Protein chains: 2
Amino acid sequence: MPTLEDVARKAGVSTATVSKVLSNTPYFTASTRDKVMRAVEETGYMPHLAARALAAGRTCIVGVVFPWVYDGIFTDPHILHILEGIEPECSQHGYNILLITPRLTTSGVDEHYLQLIRSGYIDGIIALDNVPFASVLEPIHKKGIPVVNIGYHVTSYMVRSDDYTGGYQLMQHLVALGHGEIGIIDVQPDLNYSAEERMKGVYAAAEASGMSVESLPTARGDFSVTSGEACAADLLARHPNLTALICLNDRMALGAIQQARRMGRQVPQQLSVVGFDDIPLAAASDPTLTTIRSDAPRMGREATRMLFSVLNGQTPDSVLCPVQLIVRQSTTAVKGGCLT
Amino acid sequence: MPTLEDVARKAGVSTATVSKVLSNTPYFTASTRDKVMRAVEETGYMPHLAARALAAGRTCIVGVVFPWVYDGIFTDPHILHILEGIEPECSQHGYNILLITPRLTTSGVDEHYLQLIRSGYIDGIIALDNVPFASVLEPIHKKGIPVVNIGYHVTSYMVRSDDYTGGYQLMQHLVALGHGEIGIIDVQPDLNYSAEERMKGVYAAAEASGMSVESLPTARGDFSVTSGEACAADLLARHPNLTALICLNDRMALGAIQQARRMGRQVPQQLSVVGFDDIPLAAASDPTLTTIRSDAPRMGREATRMLFSVLNGQTPDSVLCPVQLIVRQSTTAVKGGCLT
DNA sequence: TAAGAGTAGTTAAGCGCTTAACTACTACGA
DNA sequence: TCGTAGTAGTTAAGCGCTTAACTACTCTTA
């Protein structure tokens with residue numbers, strides 16, 4: 001591979017001149033620039049990124065930290081959609097993406113992650129840090145790397161989805177349809193901040209319409225389809241008079257619908273079901289699913305833009321991404337219910 | 001950040017000694033090792049990866065190249081599952097993953113990708129190169145970086161899923177159930193080698209059982225759920241006597257099932273449907289889906305192991321990952337059909 | 001007892017690039 | 001005529017690490 005020196009020799013200038021011309025430093029004649037560019041062409045020169053990183057102190061690498069909490073990291077399409085927003089922004093700025101998946105347990109993060117963070121390999125970080133019991137941010141802060149968090153852990157720069165409002169809207173929607181006996185398919189507390197926020201929204205809307213939060217029948221799943229089935233089986237057996245089910249994500253909602261059918265309940269005629277996320281299948285299932293759309297690519301995009309603006313010395317504001325209630329076929333007015 | 005020199009000074013040895021002790025070079029007394037390790041502890045030293053990369057000529061970065069062909073890259077859970085297999089292997093070897101998503105068009109790859117490949121930043125590459133009309137491998141070969149391809153583009157080291165056998169098994173399964181009128185939901189040719197292989201398998205099994213391949217009713221989708229619906233609508237309208245549908249992936253199969261229902265066909269009583277991939281929803285849909293399971297994490301794992309063995313100077317054999325027919329509820333014997 | 005083999009560490013070159021500090025030349029106003 | 005400002009390029013230090021080549025000491029063994 002040709003180096004700067006080869007180019008410089010060929011162009012008849014110093015390596016400093018080549019380096020500066022390539023980084024668009026002013027004060028060079030057109031003819032010098034020409035000579036350099038021609039030599040670059042002829043030699044097929046490409047800068048050696050490790051050398052550049054060492055000399056300049058910048059690596060042009062952003063780390064994308066997706067902690068490996070529950071096994072779902074590599075199962076959840078949500079992750080991929082966030083990446084979809086991150087990638088073009090990075091590419092556009094000439095930055096590369098290092099995918100970092102630390103093992104996150106109650107006792108902290110793994111050693112490999114620590115090394116990587118402290119190795120000077122990474123210019124900036126986008127983290128997906130959203131589990132209450134642990135955080136990947138601490139070593140990053142310690143090392144002083146600029147970081148944007150997509151999630152609820154508090155740090156200087158954050159992007160969040162408006163989960164609270166999403167939860168609120170779901171409950172509000174069901175109440176407006178006349179539902180009074182509403183079951184909840186939740187997840188275990190302390191698993192996920194977003195889920196907690198969604199529940200806060202659900203409860204707030206319940207209270208706003210005069211319902212008692214404590215009396216809402218609840219089952220706990222783990223975001224998976226099968227757990228949705230199990231929870232629905234449990235809830236419908238214990239509370240046969242339920243007319244609606246709020247599920248904290250779409251996959252559990254789809255499972256719940258299957259299970260309800262097996263138990264002889266027609267959806268939505270006898271049971272309304274709502275989900276959260278608006279995964280692609282929500283629009284294609286039978287019945288199509290009423291849900292909350294959170295714009296994952298946009299969150300990735302916003303986070304990346306924030307990161308680059310931090311890297312440029314600015315101090316951007318944190319972002320709250322709006323959500324949207326998508327009403328489809330899985331919800332309907334309660335039979336004989338009184339619509340307000 | 002402390003450097004090797006700080007550690008060396010504190011330990012009272014030369015930087016070479018520290019470097020060698022840390023890389024487990026023989027011929028050092030226990031006491032020297034101790035002094036060094038203690039100094040490392042006290043200073044909190046971490047090697048600077050860019051400096052190490054420059055000096056040693058290795059970056060400890062493997063590139064994972066997922067070309068951005070159709071927009072599906074960030075939508076397809078398959079990708080994530082391949083990563084699931086790659087990540088632990090890399091992590092175990094102390095390597096990091098650089099996620100590379102070149103824009104791949106008929107006119108080649110984008111400039112940023114070219115730069116990255118030629119920049120000396122990457123020790124080895126795992127590519128997912130599977131579109132007939134273009135390839136990301138050429139610049140990699142030119143630069144001489146060790147590469148393993150997950151897909152059908154020919155290169156020294158390859159990992160493939162046995163798509164041919166998968167297709168064969170699907171057709172064989174339906175034939176064994178007595179189906180004779182079978183529709184195909186295909187994708188456009190030249191989009192994906194795997195799809196082509198699957199079709200070859202389907203056709204081979206058809207011929208083996210004496211069917212005429214040309215007469216198989218076929219519609220072309222694009223792997224999406226909605227395209228599955230559209231294709232099913234088309235096929236069932238044009239060929240009302242179909243008793244079974246082979247879909248080249250699960251998402252199209254799920255769409256086809258929905259559409260068949262809407263058109264008054266019960267699945268599987270009046271129409272058997274099979275998919276390909278075994279995505280999580282295949283086991284949770286209603287009816288559950290008969291499909292072919294291809295082990296994506298395993299493919300990632302095998303590819304990564306091959307890469308490291310290449311990096312160690314070995315020449316591993318290419319791998320063909322077996323597939324498995326998963327029979328579920330969406331297929332049944334044809335009514336009044338004669339089972340062999 | 002001297003040559004070779006093994007052990008334990010040091011010296012210093014250099015990986016390829018960036019950039020502060022410097023030289024040198026031209027132009028121009030006071 | 002001198003001083004200053006602007007323009008155009010060079011010199012050389014150094015980023016933090018690895019490693020070939022070297023020194024120096026201690027055993028063996030013929």
Side-chain angles (χ1 to χ4, degrees), chain A residues 1-40 43-61 94 115-123 143, chain B residues 1-37 39-40 43-61 94 96 115-123 143:
Chain A
M1 273 275 107
T3 69
L4 255 200
E5 214 178 317
D6 300 328
V7 177
R9 199 177 311 118
K10 185 149 228 161
V13 297
S14 71
T15 61
T17 301
V18 178
S19 174
K20 287 181 176 174
V21 163
L22 288 179
S23 61
N24 280 315
T25 307
Y27 304 140
F28 286 100
T29 57
S31 97
T32 304
R33 276 177 209 283
D34 256 35
K35 274 190 297 187
V36 169
M37 295 316 282
R38 202 158 24 236
V40 166
T43 54
Y45 169 78
M46 277 286 151
H48 189 284
L49 291 183
R52 174 175 282 181
L54 181 58
R58 287 177 303 107
T59 56
C60 284
I61 286 183
Q115 263 196 249
L116 187 55
I117 293 301
R118 298 162 66 185
S119 70
Y121 228 33
I122 295 167
D123 288 347
K143 171 80 185 171
Chain B
M1 273 276 109
T3 70
L4 256 199
E5 214 178 318
D6 300 328
V7 178
R9 199 177 312 119
K10 186 148 227 159
V13 298
S14 71
T15 61
T17 302
V18 177
S19 174
K20 288 181 174 173
V21 164
L22 288 179
S23 61
N24 279 318
T25 307
Y27 304 141
F28 285 100
T29 57
S31 98
T32 303
R33 278 178 206 284
D34 255 35
K35 273 190 296 185
V36 169
M37 296 316 280
V40 166
T43 55
Y45 169 78
M46 278 285 151
H48 189 283
L49 290 183
R52 173 176 285 181
L54 182 58
R58 286 177 304 104
T59 57
C60 284
I61 287 185
N96 301 113
Q115 262 195 250
L116 187 55
I117 293 301
R118 299 162 66 188
S119 70
Y121 229 34
I122 295 167
D123 288 347
K143 171 80 186 173

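Every chain is numbered from 1, with letters handed out A, B, ... down the list of sequences. We use all heavy atoms of the structure for the numbers below, so side chains are in, but hydrogens, waters and symmetry mates are not. Only a predicted model underlies this, so the values are computations on that prediction, with no experimental measurement involved.
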Would you mind reading off the distance between [X] atom [atom1] and [N] atom [atom2], rounded to a whole angstrom?
X: A:Tyr121; N: D:dG16; atom1: OH; atom2: P; value: 15 Å
X: A:Asn24; N: C:dT18; atom1: CG; atom2: P; value: 12 Å
X: B:Arg9; N: D:dG16; atom1: CZ; atom2: C1'; value: 13 Å
X: A:Lys20; N: C:dC22; atom1: NZ; atom2: P; value: 13 Å
X: A:Arg33; N: D:dA8; atom1: CZ; atom2: C1'; value: 11 Å
X: A:Asp6; N: C:dC15; atom1: CG; atom2: P; value: 11 Å
X: B:Tyr45; N: D:dG16; atom1: OH; atom2: P; value: 10 Å
X: A:Glu5; N: C:dG14; atom1: CD; atom2: C1'; value: 11 Å

Enumerate the protein-to-nucleotides 26-28 of chain D contacts in which both atoms are nitrogen or oxygen and the separation is below 3.5 Å.
none

Open item on the list: By nearest atom, which of the nucleotides C:dC17, C:dA12, D:dT11 is closest to the A:Ala16 side chain?
Closed with: D:dT11
Open item on the list: From C-beta outward on A:Val13, which listed nucleotide comes closest to its side chain: C:dA8, D:dA20, D:dT10?
Closed with: D:dT10
May I ask you to evaluate whether [X] reaches the phosphate of [N], defined as a side-chain N or O under 4.0 Å from OP1 or OP2?
X: B:Thr15; N: D:dC17; value: no
X: B:Tyr27; N: D:dA24; value: no
X: A:Ser19; N: C:dT19; value: no

A side-chain contact here means heavy atoms from C-beta on lying under 4.5 Å apart; do [X] and [Y] qualify?
X: B:Leu49; Y: A:Gln115; answer: no
X: B:Asp6; Y: B:Arg9; answer: yes
X: A:His48; Y: A:Thr3; answer: no

Between [X] and [Y] (side chain of the first, backbone of the second, donor and acceptor by atom type, cut-off under 3.5 Å), is there such a pair?
X: A:Arg118; Y: B:Gly44; result: yes
X: B:Ser19; Y: B:Thr15; result: no
X: B:Thr59; Y: B:Tyr121; result: yes
X: B:Asn96; Y: B:Ile61; result: no
X: B:Ser119; Y: B:Leu116; result: yes

- [ ] List the steps, then state whether side-chain contact (heavy atoms from CB on, under 4.5 Å) holds for A:Leu22 with A:Tyr45.
- [x] CA-CA 11 Å; A:Leu22 288 179; A:Tyr45 169 78; 3.7 Å; yes
Task: Which atom of B:Lys143 lies closest to which atom of B:Gly120, heavy atoms considered - done: NZ-N, 4.1 Å
With sugar-phosphate meaning primed atoms plus P, OP1 and OP2, does [X] contact a base, only sugar-phosphate, or nothing at under 4.0 Å between heavy atoms?
X: B:Ser14; result: base
X: B:Thr17; result: base
X: A:Thr32; result: sugar-phosphate

Task: Rounded distance (nearest 0.5 Å) linking atom NZ of B:Lys10 with atom NZ of B:Lys35 - done: 14.5 Å
TODO: Drop me the distance from B:Lys20's NZ to B:Thr32's OG1, to the nearest 0.5 angstrom.
DONE: 12.5 Å
Open item on the list: Can you list, in residue-number order, the parts of residues 47-60 of chain B that come under 4.0 Å of DNA chain C, counting heavy atoms only?
Closed with: B:Leu54, B:Ala55
- [ ] Please give the angle, rounded to 10 degrees, between the axes at the start and the end of the helix from C:dT1-D:dA30 to C:dA30-D:dT1, where five pairs define each axis.
- [x] 60°
